[in-house]
2 protein chains.
Amino acid sequence: MAEPIDERKQRVLKAVIDDYIETAEPVGSRTLARKYDLGVSPATIRNEMADLEMLGYLEHLHTSSGRVPSSKGYRFYVDGLIPPKPVSDEEKVLIDRWYNARVKRIDEVFQETAHIISQVTKNVSLVLAPQLNQAKFRCLQFLPLDDYRVITVLMTDAGFIENKIIEMPSGATFEDFQRMAKVINANLAGHTLDTIQHHALAEIRDEISDEPLYESALEIIHRALDTGKKERLYLGGTTQMLDQPEFHDVEKVKETLMMLEEEELIKDILYAHMGDGLEVTIGQENEDKHFKDSSIITATYHLDGELLGTIAVLGPTRMEYAKAMSLLEYMNSNLTNVIKRFHW
Amino acid sequence: MAEPIDERKQRVLKAVIDDYIETAEPVGSRTLARKYDLGVSPATIRNEMADLEMLGYLEHLHTSSGRVPSSKGYRFYVDGLIPPKPVSDEEKVLIDRWYNARVKRIDEVFQETAHIISQVTKNVSLVLAPQLNQAKFRCLQFLPLDDYRVITVLMTDAGFIENKIIEMPSGATFEDFQRMAKVINANLAGHTLDTIQHHALAEIRDEISDEPLYESALEIIHRALDTGKKERLYLGGTTQMLDQPEFHDVEKVKETLMMLEEEELIKDILYAHMGDGLEVTIGQENEDKHFKDSSIITATYHLDGELLGTIAVLGPTRMEYAKAMSLLEYMNSNLTNVIKRFHW
DNA sequence: AGTTAGCACTCACCATATAAGAGTGCTAAC
DNA sequence: GTTAGCACTCTTATATGGTGAGTGCTAACT
């Protein structure tokens with residue numbers, strides 16, 4: 001079984017997969033011989049295809065009808081047969097222009113990234129924005145709002161800002177808050193928000209324990225730093241995907257859309273695939289049974305060496321891997337730049 | 001033609017519409033007689049239906065097959081025949097719980113509102129969040145970020161907060177910004193952001209003209225107040241809608257989804273229907289040809305007497321008007337409360 | 001030995017035909 | 001004014017046969 005597949009078999013396999021990716025129809029020997037210049041007759045191709053099927057690279061739906069690549073086939077294709085298909089210069093220009101035209105706020109960066117990926121690949125895109133509670137605390141500022149409330153402005157090292165309105169405990173003055181801010185900023189800068197919430201906050205207990213309202217002060221800091229555990233997930237291309245023949249059936253569409261709404265599920269998938277660099281998971285390779293006939297390509301983006309988040313393309317196994325992979329690679333580095341340009 | 005329709009005709013019309021809303025199938029005289037207790041035979045119902053068709057309340061697809069309500073029919077139904085169907089107490093509790101569980105930030109209020117509406121009505125929901133540049137300016141605060149930049153925090157009367165990072169012009173100090181803030185807050189509070197951008201900013205020119213960098217100061221204020229012209233649009237239920245038999249055809253789904261992505265188009269529709277109170281627009285009554293077989297129910301929400309935004313249900317003309325209308329009415333008042341509770 | 005032509009066979013797909021079911025409209029009787 | 005009865009229309013589901021693309025196998029060819 002460990003029979004190596006010779007060069008001609010590889011050519012045939014590549015042709016089959018290329019054609020199937022293009023047409024979404026099971027591909028037969030005759031078509032293959034006509035469309036691709038393999039230099040042999042359909043009969044020979046038939047034999048080769050039979051061998052490839054025996055080895056598990058191709059599949060047969062019914063006795064008649066052509067062959068379809070298996071997960072193993074796609075895997076071999078992705079690992080060795082794909083011609084690299086770099087993002088063209090025109091596309092790069094287009095993408096740049098897109099970013100510049102639409103992006104005003106930080107969350108629009110992610111939304112727009114998702115949009116671009118789905119536009120180019122015609123598949124669903126997933127963008128996982130940085131997890132705020134893993135971000136490093138930079139400073140916390142208070143602003144007076146009226147006699148009863150203050151605005152808290154939280155800032156992290158990566159340049160994300162979040163604000164809240166908080167009621168002052170009775171008796172407290174704005175000056176009390178200012179003093180607190182000083183202590184906090186002096187002691188806690190550089191820690192992750194998570195650490196601060198769970199441990200570091202205790203460290204400054206002593207510093208402010210002589211404050212008249214220090215219990216409620218702690219509570220307030222706690223609330224100000226609570227960004228919610230959820231990093232945000234941005235989706236794109238849920239409409240594009242309907243162009244794929246895989247979604248000619250409404251049931252399939254509904255099923256997929258409902259799955260995409262399960263934010264937690266999707267996030268778990270992204271976490272699981274969050275390695276370094278580009279990762280391709282094909283069909284059967286997916287743990288989750290809902291994705292047994294989907295492929296997911298993920299890439300992680302970084303800032304200053306720190307892992308920020310993940311971008312991904314989700315589509316049917318029949319997917320333009322070459323294009324999606326190089327696009328993700330490009331967007332990956334691009335995203336870092338845009339975030340940097342945006343905030344620093 | 002101004003023939004008034006008597007009580008029995010109304011009963012028949014109501015039965016036809018009720019049944020069509022329930023089943024989505026053209027309804028025939030026989031079914032009607034069996035299901036609804038009209039006290040007359042199918043033949044009589046046939047005659048009545050023929051009359052109703054002549055008067056324009058019902059339509060015939062083909063010579064055979066039952067009747068379907070026309071826009072005029074729905075209109076009559078909505079205006080006079082619907083039994084009010086108030087939101088049940090259980091539903092109210094459910095909605096309250098929903099809000100409390102998920103809403104942490106202001107934008108989540110709108111997202112969640114859209115979600116709730118679509119969940120309950122099984123149709124697409126639209127929520128137009130307040131237009132920021134129509135909001136009244138409350139105050140602008142500056143926070144030091146580092147030597148080169150400040151964070152601007154803009155706050156409006158309705159309690160919305162937005163922040164930006166702005167580079168300081170060379171030579172400016174943070175104290176310069178503080179002075180500017182004082183002037184701005186003293187002079188411009190209460191104006192809409194829009195007015196300030198276009199006119200009122202000129203008024204404070206004199207006040208700060210002795211500042212060393214007043215040209216760039218104006219520019220900075222301008223940028224700080226620029227919230228983008230777009231109020232945000234939140235959608236919900238694009239998956240729910242697939243349950244409706246109207247969307248058994250993928251083409252129809254695609255078309256609708258693409259339309260919903262045209263944010264500007266949708267907003268224009270919402271503006272057009274933005275009256276006071278509840279407004280129902282049925283099928284043909286819609287200006288836009290894309291909506292000729294859809295109905296839109298809109299309701300506006302307010303805060304302190306000021307119009308804030310719109311919530312709406314969009315669905316096929318065959319829609320549970322009673323339910324959707326009372327839900328919108330409830331959400332409408334509810335939304336005001338939630339926003340208030342949230343920010344004030 | 002590897003390659004190819006030929007042929008029987010299998011499906012999926014499309015169009016047509018047929019039967020069943022639901023509904024209408026009309027007429028005549030109640 | 002209401003209803004029963006009947007002929008007619010139109011949609012939907014089902015069966016049938018033909019077509020085309022594809023396979024697998026055998027035998028002939030280089």
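Note on naming: letters A, B, ... go to the chains in the order of the sequence lines (proteins, then strands), and numbering restarts at 1 for each one. Everything numeric here is computed off the predicted structure, so don't read it as measured data.
In this structure, R46(B) places its CZ atom 10 Å from P of dA4(D), rounding to the nearest Å. Here the P atom of nucleotide dT10(C) and the NE2 atom of H60(A) are 14 Å apart, to the nearest Å. One can place CG of N47(B) at 10 Å from C1' of dG1(D), the figure rounded to the nearest angstrom. Between the CG atom of L61(A) and the C1' atom of dA21(D) there is a distance of 14 Å, rounded to whole Å. One can place CG of L58(A) at 11 Å from P of dG24(D), the figure rounded to the nearest angstrom. If you measure from atom NZ of K9(B) to atom C1' of dG1(D), you get 12 Å, rounded to the nearest angstrom. E25(B) places its CD atom 12 Å from the P atom of dA22(C), with the value rounded to the nearest Å.
For dG25(C), neither phosphate oxygen OP1 nor OP2 lies less than 4.0 angstrom from any side-chain nitrogen or oxygen of T63(B). Between T31(A) and dG22(D) there is a side-chain polar atom (N or O) within less than 4.0 angstrom of OP1 or OP2. At the phosphate of dT11(D), neither OP1 nor OP2 sits under 4.0 Å from any side-chain N or O atom of S65(B).
Checked by atom type, the side-chain pair Y77(A)/D18(A) shows a donor-acceptor distance below 3.5 Å. In the model, Y321(A) has a side-chain atom that pairs as donor or acceptor with a side-chain atom of S295(A) under 3.5 Å. For T121(B) and E320(B), the side-chain atoms include no donor-acceptor pair closer than 3.5 Å. Donor-acceptor pairing under 3.5 Å is lacking for the side chains of E285(B) and S71(B).
Here dG25(C) is the nucleotide among dG25(C), dT2(D), dG22(D) with the atom lying nearest to any side-chain atom of R67(B). For A50(A), the listed nucleotide lying nearest its side chain is dG24(D); candidates were dT2(D), dG25(C), dG24(D).
Ionic pairing of E59(B) and R67(B) is not present here: no N-O contact between side-chain nitrogen and carboxylate oxygen is shorter than 4.0 angstrom.
In secondary-structure terms, DNA chain C builds stems of at least 3 consecutive Watson-Crick or G-U pairs, each pair having both distances under 3.5 Å, at C:1-30 with D:1-30.
Note on R34(A): nothing from the nucleic acid sits closer than 4.0 angstrom, heavy atoms only.
Across the interface with DNA chain D, nearest-nucleotide mapping of H62(B) and S41(B) shows S41(B) to be the residue nearer the 5′ end.
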